[in-house]
Amino acid sequence: KQKEMNKDVVYYAFGKFYHLNKHYTKAFTQYARSIEINNENAKVYANQGEAMRRMGTVESKYIYASYQRALELDPKNLDALYGLAALKFKDKEYYESVKYCKQIYNIDNNDISALFLYANAMAEIDTDASILLFEEIKTKGIDKVLIAKVNKKIEEVVQRQEENGI
């Protein structure tokens with residue numbers, strides 16, 4: 001049994017290697033092998049979901065199932081929460097995306113990627129709230145490139161408000 005448990009770690013490590021090198025199909029295969037041996041590791045499910053999401057060819061329901069399993073095992077798994085938020089945003093389910101972003105924010109309000117996604121999702125729902133979130137991002141000591149992106153998003157939101165007479 002111990003030997004089998006070590007194999008899942010090896011498959012997970014190979015999955016991470018492929019994942020980091022953007023070979024998402026190979027990463028997915030390694031994560032699946034790891035899960036066959038040990039289906040109790042939230043990190044593996046979250047990474048499997050991320051690999052599928054980045055492959056761009058997998059139906060959302062399968063990606064969602066992988067992230068959900070990760071959250072069953074670890075309700076505070078930030079990778080799974082972010083993956084779900086990004087997946088819901090891509091599928092234009094902005095309220096659902098915001099729900100997951102809020103969960104991340106409650107765990108770690110300094111997660112810039114999640115905060116940026118949160119602000120973008122809010123821009124589709126409530127432009128005033130999104131501007132506040134974009135402004136909050138600027139207070140987090142981020143780099144100039146992201147500040148430029150944030151300023152551009154604020155301009156877009158304000159322009160949309162003006163066009164809609166808000």
Side-chain angles (χ1 to χ4, degrees), residues 1-94 96-121 123 133-134 136-150 152-153:
K1 182 72 177 166
Q2 181 62 35
K3 197 169 193 167
E4 283 293 304
M5 292 302 285
N6 289 339
K7 269 186 169 179
D8 76 302
V9 174
V10 171
Y11 287 130
Y12 175 70
F14 275 113
K16 286 293 287 183
F17 170 80
Y18 287 126
H19 199 134
L20 292 170
N21 288 288
K22 300 181 179 177
H23 298 289
Y24 301 116
T25 302
K26 289 180 180 181
F28 169 80
T29 301
Q30 296 302 312
Y31 295 140
R33 288 179 177 159
S34 180
I35 289 168
E36 286 175 8
I37 297 166
N38 176 9
N39 65 357
E40 299 294 319
N41 188 333
K43 287 181 183 179
V44 179
Y45 281 101
N47 282 310
Q48 181 187 49
E50 183 63 15
M52 286 188 285
R53 188 171 72 83
R54 292 198 180 255
M55 286 164 59
T57 57
V58 179
E59 286 184 56
S60 292
K61 67 181 179 180
Y62 299 113
I63 303 168
Y64 184 80
S66 194
Y67 286 136
Q68 280 301 116
R69 177 64 177 144
L71 291 177
E72 287 171 17
L73 296 168
D74 176 10
K76 293 184 176 183
N77 184 296
L78 293 173
D79 293 329
L81 289 168
Y82 183 84
L84 283 166
L87 180 64
K88 294 299 183 179
F89 185 86
K90 181 184 89 53
D91 290 343
K92 296 184 180 353
E93 296 178 36
Y94 303 116
E96 286 293 305
S97 181
V98 165
K99 178 181 87 171
Y100 292 115
C101 288
K102 282 182 180 178
Q103 289 178 39
I104 297 168
Y105 189 82
N106 289 334
I107 296 167
D108 179 6
N109 67 358
N110 288 312
D111 185 324
I112 299 299
S113 295
L115 193 54
F116 192 68
L117 180 58
Y118 187 7
N120 278 290
L133 289 168
F134 283 123
E136 182 177 343
I137 292 169
K138 290 172 28 178
T139 68
K140 301 286 183 180
I142 54 177
D143 63 58
K144 291 177 183 176
V145 173
L146 190 53
I147 286 176
K149 282 184 183 178
V150 167
K152 185 174 190 281
K153 289 301 291 187

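A quick note: this is a predicted structure, and the numbers were derived from the prediction, not measured.
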Heavy-atom pair with the smallest gap, counting every atom of Lys88 and Ser97: CB-N, 3.7 Å
Closest heavy-atom pair and its distance - Tyr67, Ala46: CE2-O, 3.4 Å
Gap separating the NZ atom of Lys90 from the OG atom of Ser60, nearest 0.5 angstrom: 4.0 Å
Any side-chain heavy-atom pair of Lys43 and Leu73 under 4.5 Å: no
Worked check of side-chain contact (heavy atoms from CB on, under 4.5 Å) between Glu93 and Leu84: CA-CA 11 Å; Glu93 296 178 36; Leu84 283 166; over 6 Å; no
Where Gly49 and Ile63 come nearest, the two heavy atoms and their spacing: O-CG2, 3.5 Å
Closest non-hydrogen atom pair between Ile137 and Phe116, with its separation: CD1-CA, 3.5 Å
Pairs meeting criterion side-chain hydrogen bond (donor to acceptor under 3.5 Å, both in side chains) with involvement of residues 72-82, two or more places apart: Arg69-Glu72
Straight-line distance of Asp108 CG to Leu78 CG, nearest 0.5 Å: 6.0 Å
Non-neighbouring partners of Tyr94 that pass ring pair (Phe, Tyr, Trp, His ring centres under 6.0 Å), sequence neighbours left out: Phe89
Pairwise distance OH(Tyr62) to CE(Met52) - rounded to 0.5 angstrom: 10.0 Å
CG on Asn110 to CD1 on Ile104, rounded to 0.5 Å: 13.0 Å
Nearest heavy-atom neighbours spanning Leu133 and Ala119: CB-CB, 3.7 Å
Test item: Tyr45 and Asn39 side chains (from C-beta on) under 4.5 Å apart, heavy atoms: yes
Tyr105-Glu136 side chain donor-acceptor pair, cut-off 3.5 Å: yes
Gap separating the CG atom of Asn106 from the SG atom of Cys101, nearest 0.5 angstrom: 11.0 Å
Asn120 vs Phe134 side-chain heavy atoms within contact, under 4.5 Å: yes
Salt-bridge present (Glu50, Arg53; N to O < 4.0 Å): yes
Worked check of salt bridge (Lys or Arg N to Asp or Glu O under 4.0 Å) between Lys99 and Glu96: CA-CA 5 Å; Lys99 178 181 87 171; Glu96 286 293 305; 3.2 Å; yes
Residues 12-25 side chain polar contacts: donor-acceptor under 3.5 Å, at least two apart:
from	atom 1	to	atom 2	distance (Å)
Tyr12	OH	Asn47	ND2	3.0
His19	ND1	Tyr31	OH	3.1
Asn21	ND2	Phe17	O	2.8

Value rounded to 0.5 Å, distance of NZ in Lys102 from CG in Leu81: 14.0 Å
